[in-house]
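First up is the structure itself, then whatever we jot down about it.
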Amino acid sequence: MIKKKAILRFDSTTVEKPVTYYLIKKYDLWINILQARFEPSLGGKLVIELRGEKKQLDQAFAYLKEQNIRVDFLEEEISWDKLKCNHCGACVSICPVGALKMNRETYYLEFNYQDCVVCGYCTDACPVQAIEIIF
Amino acid sequence: MGKFKRTYEEINEKIARKEAVIMTAEEVIALKEEQGIEEATKMVDVVTTGTFGPMCSSGAFINLGHSDPLIRMQKVWLNDVMAYAGLAAVDIYLGATQLSESERSDYGGGHVIEEFIRGKEIRLKAVSSGTDCYPAREVEAIISKETVNQAFMVNPRNTYQNYNVAVNQSAKTIYTYMGILLPELGNASFSTSGQLSPLINDPDLRTIGIGTRIFIGGTEGYVIWEGTQYSPKAMPVLEKDMVARMGASLALIGDLKKMNPDFIQAAYISGYGVTLYVGIGIPIPILDEDIMRTASIRNEEIYTEILDYSCPHPDKPSLGWVNYAELRSGQIDIKGKKIPTSSISSYAKARTIAHTLKEWIEKGEYFLQEPIEFFPSQRELHRLKTTRVY
Ligand code: SF4
Ligand code: SF4
C-alpha cells in the first residue's frame, strides 16, 4: 500500500466527470477528500489523499491524464504538533538545514517550514513524538 | 554586613498575610545585579526554581482495589506494560521505563502514567497461582484514577543537580538517553535547566532535605530521601577558576491523582527506550545572604563537563567544561570547532513551573516546610563488582 496526496484540477470540460467514483470503483483506491472547491460549470480543485497498490495508483493517474484532469502531487511534509511539543530543543541540533530554531527569548521552538527539506531526522530526535512526516 | 537572617516562621507568616515577596530564580538575577546581595536578601523571601526533563527513575505505587473473589496478584500488566507486583495482594509499582510486551516498542510505563493522569481508562490484567484465602487466578479489568485507591508517584532519583553534556567523537551516529548524537562531534546534548535548576540554586542543600515541600507534576509533593546515586561533588573547573557542583539528587513523592498532564509527559527516546518527563519545582527560602548568592546564580557561572558518549565505560573521556550560557546560545566550541547544541529538558516549561510555584505561594496557598533531616555533604559512590559481564 502506498499513499499519495494530490491536487486534481478540473476545468469546464472535466468538472462534470464522476472521477472519485471511478478511482474507487475501477482502481480499488482508498480516497480521502481533504479539500474541495468547485464553481459549477467552470471547474475547480480537489485535494485528495489516495491509498492503494502502486500498480493501481499508476493506472489511476494514467486514467486521470487521459481525462485531461491536471494532477499535481503534494510532496511529503512535516507536521509539528505544537500542543505536544514541550519545547525542549532536542530536534534543533539534528536538523541539517536549521529549519528548527530555539527562540532565545521565549525558549519556544520555532519551525520554519520553508527551509525544511523533509529529511525526517527530527522525527527520530523528538522524545515526545511531536513531529511526524505526513503525505 | 552579612548579618541579615530570616526564619521559616517569618516567611510562612508573611505568606499567610500574602505579603511575602517571591521571585523566580531568573527574575532574582536582575534584582541582585541592581540592588546588590545585601539589599536583594532583605527584599526577597523566597526564590522559586524549576526543571522539566526526562527522569527515568520515576514510577508510581497504585492500590488497585480487591476483586470478588479475591486475588493475590503475582504478575500485573497495565496496557500490556508489566508492573511490579511483589507486594501485598493488590499493590503494584509501575516503573516509567518498563516497555510494553505487545509489539509496540515505543510504549511503556511512562505512557501508562501519563494516560492515568489524563483520566483515561487503562486495561488491567493480573495472574496468580491462587491461595485458599485468595482463590482467583486471573482477573481482567478496566481501571482509571477514579477506580483505584491510592496512587502516588515515588521517584527514587529526580532533579539531578547538574548533568554533563553528551557528545560523540566516533564515526557513527549513536542513540543515547541524551538523544541522538551525531558523529565526529556533530552536535552536543545537555539536560539541566541551569540557573533555574533546583539543586544548583541551593548547591549545599541547606534548605532541601527530608520533608521539603515541592512542586511535582503540577501538584504539591515532598522530598523523602536523598536520591539514588546521590554523591555531591564540587569539581574544580580548571582555567576558569570556577567550581562545578554536581552529583546531588533527590527521591520525591507526590499524589498521582492530582497531577496535571502539562507537567508530566511520556517520552520515547529513539533507539533507547521509554522514559518520563517530570516537572519539578523547589522553593528556596532566602534565610541569609549566602542563600541569596547561590539562588541568584547565572548561567554564565554554572559549568558542566563535556563527555564522549561513544565510550561505553563509566569513566567517559572529558572534552572540557562549558557553562550554561554557552550551551543555551545554540553552539559551543570544542577543540576549535563550533558545535550545535540541543537541550533535552525544556527551559520554557522550567520557567512555567517556577512561575506557577511563585503564584501558589503568592496566593497564600503554599507554605514552606523546613526539612526534618538534611542529607550528608559527601557520599561515596560504589561501583558494581561483577562476577560476569558480556
Ligand atoms: S524534516 Fe529534516 S529538514 Fe525538516 S525540520 Fe526535520 S530535520 Fe529539519
Ligand atoms: S524535540 Fe520535539 S518536543 Fe522537543 S522542541 Fe523539538 S519538536 Fe518540540
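Naming convention: chains lettered A, B, ... in sequence-line order (proteins, then strands); numbering from 1 in each chain.
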What heavy-atom pair brings A:Ala90 and B:Ser342 nearest, and what distance separates the two atoms?
O-OG, 3.1 Å

Once rounded to the nearest 0.5 Å, what's the spacing between atom CD1 of A:Ile94 and atom CG of B:Leu181?
7.5 Å

Find the distance between CG (A:Asn86) and CZ (B:Phe52) and round it off to the nearest 0.5 Å.
5.0 Å

For the OH atom on A:Tyr63, are there more than 12 heavy atoms of other groups (residues, nucleotides or ligands in this structure) within a distance under 6.0 Å?
yes

Donor-acceptor contact present, side-chain B:Gln265 to main-chain A:Lys84, <3.5 Å:
yes

B:Ile269 versus A:Pro127: any side-chain heavy-atom pair under 4.5 Å?
yes

Validation row: B:Tyr277, A:Cys88 side chains within 4.5 angstrom (heavy atoms)
yes

Which atoms of B:Ser343 come close to chain A, meaning under 4.5 Å heavy atom to heavy atom: side chain ones, backbone ones, both, or neither?
both

What one should report as the nearest heavy-atom pair of B:Ala267 and A:Val128 is CB-CG1, 4.2 Å

Quick one: does any side-chain atom of A:Arg104 pair with a main-chain N or O of B:Arg328 as donor and acceptor, under 3.5 Å?
yes

So with a 6.0 Å cut-off around CD of A:Glu132, is the heavy-atom count from everything else above 12?
no

Which one of B:Tyr175, B:Tyr272, B:Tyr347 has the most heavy-atom pairs closer than 4.5 Å to chain A?
B:Tyr347

When every non-hydrogen atom of A:Tyr107 is compared with those of B:Ala348, the smallest separation belongs to O-CB, 3.3 Å

For B:Leu182, is it the side chain, the backbone, both or neither that has a heavy atom under 4.5 Å from a heavy atom of chain A?
side chain

For B:Lys258, I'd like to know if atom NZ has over 12 heavy atoms of other residues, nucleotides or ligands within 6.0 Å.
no

Identify which part of B:Thr275 has an atom lying under 4.5 Å from any heavy atom of chain A, answering side chain, backbone, both or neither.
neither

Do you know the tightest heavy-atom contact between A:Glu105 and B:Arg351?
O-NH1, 2.9 Å

For B:Tyr268, does the OH atom have more than 12 heavy-atom neighbours from other residues, nucleotides or ligands under 6.0 Å away?
yes

OG/B:Ser270 to CD/A:Gln129 distance, rounded to the nearest 0.5 angstrom?
8.0 Å

Is it true that, when you exclude A:Tyr22 itself, more than 12 heavy atoms of the residues, nucleotides or ligands shown sit nearer than 6.0 Å to its OH?
no

Who wins among A:Ala125, A:Cys91, A:Cys126, A:Gly89 for the most heavy-atom pairs under 4.5 Å with chain B?
A:Gly89

Once you round to the nearest 0.5 Å, how far does CG of B:Asn187 lie from SG of A:Cys95?
12.0 Å

Give a yes or no on whether A:Lys65 atom NZ has more than 12 heavy-atom contacts from other residues, nucleotides or ligands under 6.0 Å away.
no

